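Model, not experiment: these values are computed from the prediction. Every chain is numbered from 1 and lettered A, B, ... according to where its sequence line falls, protein lines coming before strand lines.
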Amino acid sequence: MSQTNDAFAKAVPLDADSAVSVRNVSKNYGDVEALKNLSLEFPRGQLTSLLGPSGCGKTTLLKIIAGLLKPDSGEVEIEGKIISSPGPDRSFVFQDFALLPWASVLRNVAFGLELRGVAKSEREAIAEKYIKNVGLTGFEKAYPHELSGGMRQRVGLARALAVDAQVLLLDEPFSAVDEQNRRKFQEDMLELVRGENKTFIFVTHSIEEAVYVSDQIAILLPRPSRVSEIIRPTSFRGTGKENIRRSPEYLDIVDEIWASLRNYVE
Amino acid sequence: MTVLGYRLPGMSSLLLWALLWEVVGRTGWTFFIPPLSDVFVTLVDVIGTPAFLKAMYETAYAFLAGVFFAVIIGIPVGILIGKSRLLDELILPWVNIFLSAPLTALVPVLMVLFGFGMKSIIITTTLFAIWIIILNSRAGVKQINRSLVDMARSFGATPMDAFFKIYFWAALPEILGGVRIGVIRAVKGVIIGQLLISIVGFGALFELYSNNFMMKHFWAVLIVLFAVAFSLSEFLAYLERRVSYYAASR
Amino acid sequence: MNRSLLLKLLSAVIVFGAWEIAGRVPVSYAFPTFFESMYALGVMTFDGSIFTAYAETLKPLVIGVAISAFFGITIGLWVGLSNRFEWLFSPIFVVMQAAPLAALIPILVMAYGIGLTSKVFVVCIMAMPVIVLNTASAVRNTPASIKDMGKSFLASDRDIILKIVIPAASPVIFSGLRLGISAGFIGAILSELKITPTGVGDIITYSRSIADYPSMYAAIFSIIVLAVLFLNLLERTENYLFEGNNRGYVTD
């Protein structure tokens, strides 16, 4: 009896401790239903991927959570509070980096703090720390156009970390980054999730990437957009980043997701 | 802008400005702004007069001739310097110079060389239009996707085929863009030429009206002129959009 | 010496050589040779007359461009930021941009006489539309993702305008300014030739009337060279400041 309870508790990490809850959210663009009555829980301290074919509304959902878009109905609750606009509890990493091309790396990383009115010396000290964390020491004075795609996204990541928000929203952060840099980023994400105790919401269209980095994967299907499945890999999380891609469960999940998505490839 | 959920058409604010003009004109605030309605009444009268028709005809003639030469010379020169590096380096600096040079300063030279007549005005018009046409045709040829050219060659296209089936079409959006800007410049050129050589076309008409303080006539002619210029530029922009649908996806 | 410079020199020699030969033939009694014209330019430079002429010519140009820049950028920002303003003002400037505004000169002369005011007005109507339209479209075309970025990091509307929209729009605003100055040159010379001959326009008109063609060509040559050099300098400044749309704007 107690054994079954134990097993049950392990199999389904409890939803009770959600950092972000999305409830019955709908969003239309004109006649197009981007999201329909979508609900989803995001466990605190974990990384949840939103995975799906293009046009499934995953970026729309992320922007609604960010407060950049307003849902037509439904609500988003973060740490017990219903949100309707961007807030200090969330920060965003953009697919196209969204760096200020006229500002140095240092100012770009400190920009979130600058907008919050943090004094210059203080915000630059914080920015320095995160520039070091993402491995860009020495590039503080460089401008975005002097950096590679991968380095630019590190700046975007450092900027998001610097404001110390509880929830990090990443919109296909590595899709504009070359393959080797992307792998390095994925490994870094694992450490980041473990080290930072923040909640990560991660939009991607790469099945391998989602399975590699996620504690929880929400598969979104289009027309009408909905959550079709939630997958929680269990066995390979603790095995070390080198071994994940060799784990049978990893391979099984990748295959299983592909099987359910292949019908939606246009 | 939307009012009460209804989207106002883009140019509708001009009606508001026309109303303002009418009101200011009615107050008799200044001699130089007669009421718009009076201007329109005059417009109807003026349009049929021989003086106006002659001015319109002369202007249209100078304009069309000027644009014709600008296009006929400009496009081939542009394509040529786009394809030949030597010619490009010899000619491009001059194109850039004349593109930004104040060409009005050259009109007196044209006047002494070609006389106070149509010829000078046509050349002025061509000078205003041609440089941007050359530059854009060159840019159009320069940006042609290398793999498109290789594709044609790999399928065994002859140089003639390659030119008419690939280069021309691939460069067409840029060329048309250049022609559009060139035509707008030509409208300005033809008017500037006529103002400086003021015995022909609208230049003569303006002299007549301003010497006799015929404000309503003056505004009537200006409105016609501006309306024609604006319609022409919108029409060309429309044509360009029709053709350049594939510009982004080349 | 590199190829590009060599070819530029060669190209200049060909064109000026053709001018010289055409002048020697001569193709027209009113076509002086290149060297005659350069000699006339030298004479004007040494007796200083060309400098007094430029002081006169540049006055309406500088005043007109300053006024157009100030009002043009201000109106452009409003038009770019507010839908209401765009609806109200942008049609006027779109029409102005397409229309041959030079045709307004006779009216300006009637209303403001033949003095400086009219000439400043001519420069303004030529220069303003492109400044307004460039500024407005630059503001409208600020990349949505950096505005979203600002919002997601809690920027106020004022922050978004001052720290994101304006710096992002600066390169296009600057090039609008350059095009405005280019149009302003056309206006300044047009007004000197059409309204009253002063400055360089006076040299051109006067030397034409006494058939001193070398001086006339020299004056025209000098104004074109001046305009082209100045606009080139601006373009270089622009490329330096906004090299690949970057830097120049680290405000603090």
Side-chain angles (χ1 to χ4, degrees), chain B residues 1-2 8 10-14 16-17 30-32 86 89-94 96-109 111-114 184 187-192 194-196 198 202 206-207 209-210 213 215 218-219 221-222 225-234, chain C residues 3-4 7-8 10-12 14-15 27-31 83-84 86-92 94-107 109-111 178-179 182 185-190 193-194 200-201 204-205 208 211 213 216-217 219-220 223-225 227-228 231-232 235:
Chain B
M1 194 176 81
T2 52
L8 292 170
M11 285 282 159
S12 53
S13 67
L14 287 180
L16 202 69
W17 290 106
T30 158
F31 159 75
F32 298 102
L86 180 70
E89 280 175 293
L90 285 176
I91 295 175
L92 187 64
W94 294 102
N96 279 324
I97 284 173
F98 283 105
L99 190 68
S100 55
L103 295 169
T104 23
L106 284 178
V107 178
V109 174
M111 278 153 71
V112 296
L113 289 181
F114 302 102
I184 294 170
V187 172
K188 297 176 181 187
V190 79
I191 294 300
I192 285 174
Q194 292 186 0
L195 278 175
L196 292 179
S198 46
F202 284 111
F206 287 149
E207 279 305 281
Y209 293 156
S210 65
F213 297 99
M215 290 314 299
F218 204 108
W219 281 115
V221 171
L222 273 186
L225 212 53
F226 283 18
V228 170
F230 177 70
S231 316
L232 189 65
S233 117
E234 288 297 296
Chain C
R3 176 190 154 98
S4 154
L7 281 171
K8 265 184 197 156
L10 179 64
S11 159
I14 293 174
V15 170
V27 289
S28 157
Y29 70 95
F31 199 86
N83 284 331
R84 231 167 266 253
E86 165 160 50
W87 176 78
L88 197 57
F89 282 106
S90 98
I92 290 188
V94 170
V95 171
M96 279 174 84
Q97 175 73 345
L101 289 178
L104 283 170
I105 292 178
I107 284 198
V109 174
M110 277 193 271
R178 177 167 53 79
L179 294 174
S182 174
F185 263 105
I186 292 182
I189 294 164
L190 182 60
L193 293 174
K194 177 72 192 172
V200 182
I204 297 173
T205 317
R208 190 180 75 198
Y213 295 115
M216 176 186 162
Y217 279 60
I220 292 171
I223 186 83
I224 289 181
V225 168
V228 168
L231 293 167
N232 245 309
E235 200 170 349

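Between A105(B) and I220(C), the closest heavy-atom pair is O-CD1, 3.2 Å. When all heavy atoms of L88(C) and S13(B) are compared, the closest pair comes out as O-OG, 3.3 Å. Scanning both residues, A102(C) and L195(B), for their nearest heavy atoms gives O-CD1, 3.1 Å. In terms of heavy atoms, S12(B) sits closest to W87(C) at OG-NE1, 2.8 Å. Here the closest heavy-atom approach between residue K188(B) and residue Q97(C) is recorded as NZ-O, 2.7 Å.
The candidate from A103(C), S28(C), S4(C), A219(C) with the greatest count of non-hydrogen atom pairs under 4.5 Å with chain B is A103(C). Of the listed residues (Y209(B), W17(B), F202(B)), the greatest number of heavy-atom pairs within a distance under 4.5 Å of chain C belongs to W17(B). Contact count versus chain C (heavy atoms, under 4.5 Å) is highest, among L14(B), I192(B), T104(B), for T104(B). With chain B as partner, the option from A111(C), A30(C), S182(C), A227(C) having the largest number of non-hydrogen pairs under 4.5 angstrom is A111(C). Highest contact tally toward chain C, considering only V190(B), V109(B), V221(B), is held by V109(B) [criterion: heavy-atom pairs under 4.5 Å]. Ranked by non-hydrogen atom pairs under 4.5 Å with chain B, the options L104(C), I107(C), I189(C) are led by I107(C). Highest contact tally toward chain C, considering only Q194(B), E234(B), M11(B), is held by M11(B) [criterion: heavy-atom pairs under 4.5 Å]. Of the listed residues (W94(B), F213(B), W219(B)), the one with the most heavy-atom contacts under 4.5 Å to chain C is W94(B). Contact tally against chain C (heavy-atom pairs below 4.5 Å) for P102(B), A227(B), S233(B), S210(B): the top residue is P102(B).
Contact of F32(B) with chain C is made through the side chain alone, with heavy-atom distances under 4.5 Å. Using a 4.5 Å cut-off between heavy atoms, T30(B) makes no contact with chain C at all. Heavy-atom distances place both the backbone and the side chain of L90(B) under 4.5 Å from chain C. When heavy atoms are compared at a cutoff of 4.5 Å, I191(B) approaches chain C solely by way of its side chain, counted from C-beta outward. At a 4.5 Å heavy-atom cutoff, the contact between E207(B) and chain C is made by side-chain atoms alone. Of the atoms belonging to F226(B), heavy atoms from both backbone and side chain fall under 4.5 Å from chain C. Heavy atoms closer than 4.5 Å to chain C are found in the side chain of L16(B), but not in its backbone. At a 4.5 Å heavy-atom cutoff, the contact between L86(B) and chain C is made by backbone and side-chain atoms alike. For a residue to count as touching a neighbouring chain, one of its non-hydrogen atoms must lie under 4.5 Å from one of that chain's; by this rule L179(C) does not touch chain B. The part of P93(B) that comes within reach of chain C is its side chain, from C-beta onward, which places non-hydrogen atoms under 4.5 angstrom from that chain.
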Quiz prompt | L196(B) vs L190(C), side-chain contact (heavy atoms from CB on, under 4.5 Å): CA-CA, chis, key distance, verdict | solution = CA-CA 8 Å; L196(B) 292 179; L190(C) 182 60; 3.8 Å; yes

Practice problem: Give the intermediate values and the outcome of side-chain contact (heavy atoms from CB on, under 4.5 Å) for residues V107(B) and L193(C). | Solution: CA-CA 10 Å; V107(B) 178; L193(C) 293 174; 5.5 Å; no

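Remark: A229(B) pairs with V187(B), P100(C) by the side chain to side chain contact (heavy atoms under 4.5 Å, CB included) rule, at least two apart or across chains.
Interatomic distance, CG of L106(B) versus CD1 of I224(C), reported as 4.0 Å (0.5 Å rounding). If you take CG on N96(B) and CG on L231(C), they are separated by 11.5 Å, rounding to the nearest 0.5 Å.
Taking the side chain as every heavy atom from C-beta outward, M216(C) and V112(B) approach each other to under 4.5 Å.
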